Amino acid sequence: MPTEEITAAAAGTWVLGDRTVNRMGFGSMRITADPDRDRALTVLRRAVELGVNHIDTAAFYVSPGGTLRVGTGPARYATELIRAALAPYPADLVIATKVGPGYDPRDGFTEALTPAQLRAQVEENLRRLGRDHLDLVNLRLYRRPSAVPLAERFGALADLRAAGLIRHLGLSNARPEHLDEVRDIAPVVCVQNAYGVDAYREDDEFVRLCGARRIAYVPFFALAGTRREAGATAERNEALLAVARAHDATPHQVRLAWTLHQGPHVLAIPGTGDPEHLVANIAAAGLRLTPEDLARLG
Ligand SMILES: NC(=O)c1ccc[n+]([C@@H]2O[C@H](COP(=O)([O-])OP(=O)(O)OC[C@H]3O[C@@H](n4cnc5c(N)ncnc54)[C@H](OP(=O)(O)O)[C@@H]3O)[C@@H](O)[C@H]2O)c1
């Protein structure tokens, strides 16, 4: 399929709280993996040129040492790369970040539980991104029980929202009951969970529930699937390969198109540090699958 001329706008838009974004966005976890800083900045700038106005990040996306334990040399923070590439920020750019997990060069991974710890993470994001408020903050949950109830942690973020440091709130790694637990505290504009055509399909019903409640569902690992941080690999899914051939597309593009076909409230945030992959991924915004394709993909 043609690529360069298809922009993120081809996927249509969704309103996150009060901010309109193109449904094809960008995930910034992978840009820290490349020791070539200029290449990371190029990817970010090119994403915005190609219409991306929703970028996902986290202050703990840092390499080497952080989420992607690769490479050597000075720490590369995704948030700081975003600032270096894009500040002063375009008015329509929504940067979504997440708190809960943190990274400290001395202690490694940490978890913010108390209001003071959560505030410190919000302030770290503000500082590294060079902003006076954060557009969207996801509280990233763990599957294990937390020492501090969700309502208390979400309430702490709602206080920061009321104070103007945060515009909108979301939940990540969440389950439907979590939406109910925080319902009376502050609006949830998005759920960010692992989900893809052949991974984590136990979330199918949650995707539909989010749509019914007008909450954006933002899948991560839409390309990597159950390989998670290890990333995408050679495609073995026969149905994906066949649909890709039929559309003269790549299997990765079909994975992203499938994601976008799960509902108007589903937003894509594929991650890459590779400028060519970026262009191909954004072009998937224009890939229309037929009902037969969707049935074949399951
Ligand atoms: N809330 C959470 O807990 C959570 C967890 C993980 C991630 N996230 C967010 O979700 C975003 C997406 O997740 P992700 O980046 O981990 O995984 P992903 O988007 O599913 O896949 C990224 C992997 O696919 C490869 N890739 C990307 N485009 C490709 C293409 N066109 N052809 C071949 N390979 C391609 C990338 O390698 P190359 O760099 O070589 O292209 C990388 O290995 C992250 O960037 C992050 O912002 C959130």
Side-chain angles (χ1 to χ4, degrees), residues 1 3 6 24-36 39-40 42-44 46-47 50 52 54-63 66-71 77-79 81-82 94-103 109 111 125 136-143 170-174 178 190-200 203 216-235 240 244 249-260 266-285 287:
M1 61 183 291
T3 48
I6 301 176
M24 175 58 78
F26 178 74
S28 70
M29 191 174 85
R30 305 281 166 180
I31 56 169
T32 60
D34 195 334
D36 183 348
R39 203 164 106 113
T42 300
V43 167
L44 286 162
R46 191 83 185 100
L50 288 170
V52 166
H54 172 214
I55 296 180
D56 180 73
T57 194
F60 59 89
Y61 291 166
V62 50
S63 200
T67 304
L68 300 174
R69 297 163 190 277
V70 293
Y77 287 86
T79 38
L81 291 168
I82 290 169
V94 171
I95 302 176
T97 189
K98 56 193 79 72
V99 295
Y103 180 73
F109 281 106
E111 185 184 3
N125 276 278
L136 170 55
V137 174
N138 286 301
L139 178 57
R140 208 288 188 184
L141 309 176
Y142 289 89
R143 287 289 148 114
L171 291 175
S172 177
N173 210 29
H178 295 138
C190 72
V191 164
Q192 189 180 111
N193 276 9
Y195 185 66
V197 60
D198 50 12
Y200 309 106
D203 251 20
Y217 184 92
V218 187
F220 58 89
F221 297 147
L223 296 172
T226 53
R227 282 178 49 80
R228 301 179 67 90
E229 278 84 1
T233 183
E235 190 60 69
L240 266 162
T250 68
H252 304 91
Q253 288 174 319
V254 176
R255 283 181 179 277
L256 295 174
W258 181 89
T259 298
L260 292 168
V266 179
L267 314 182
I269 51 164
T272 183
D274 180 323
E276 287 180 19
H277 287 172
L278 174 81
V279 173
N281 292 349
I282 291 175
L287 178 54

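Order of listing sets the numbers, starting from 1, for every ligand and every atom in it. Because the structure is predicted, anything quoted here is derived from the model rather than measured. Index from 1, following the sequence.
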Check your understanding: Mind checking what residues have non-hydrogen atoms under 4.0 angstrom from ligand 1?
Key ->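 If the criterion is a heavy atom under 4.0 Å, then ligand 1 touches G27, S28, M29, R30, D56, Y61, K98, R140, S172, Q192, F220, F221, A222, L223, A224, G231, A232, H252, I269, P270, G271, T272, G273, D274, H277, N281.
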Point to revise | Side-chain donor/acceptor of Q253 to backbone N/O of A244, under 3.5 Å | key: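 It does not hold such a pair.
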Practice item. Using modelled atom types only, decide if a donor and an acceptor are shared between the side chain of N173 and the backbone of R140 within a distance under 3.5 Å. Key: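 Side chain of N173 to backbone of R140, a donor-acceptor pair under 3.5 Å: no, none is there.
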Practice item. Could you list the residues that satisfy salt bridge (Lys or Arg N to Asp or Glu O under 4.0 Å) with D198, not counting sequence neighbours? Key: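 With neighbours one apart ignored, the set is R255.
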Point to revise | For R46, salt bridge (Lys or Arg N to Asp or Glu O under 4.0 Å) partners two or more places apart | key: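 In terms of salt bridge (Lys or Arg N to Asp or Glu O under 4.0 Å), with neighbours along the sequence ignored, R46 is linked to E4, E49.
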What donor-acceptor contacts under 3.5 angstrom involve side-chain atoms of residues 217-227, with partners at least two apart or in another chain?
residue: Y217; atom: OH; partner: D203; partner atom: OD2; Å: 2.5
residue: R227; atom: NE; partner: G231; partner atom: O; Å: 2.8
residue: R227; atom: NH2; partner: A230; partner atom: O; Å: 3.4

Check your understanding: Only one of N281, T272, T57 clears side-chain contact (heavy atoms from CB on, under 4.5 Å) with F26; which?
Key ->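 So, applying the side-chain contact (heavy atoms from CB on, under 4.5 Å) to F26 and each of N281, T272, T57, only T272 qualifies.
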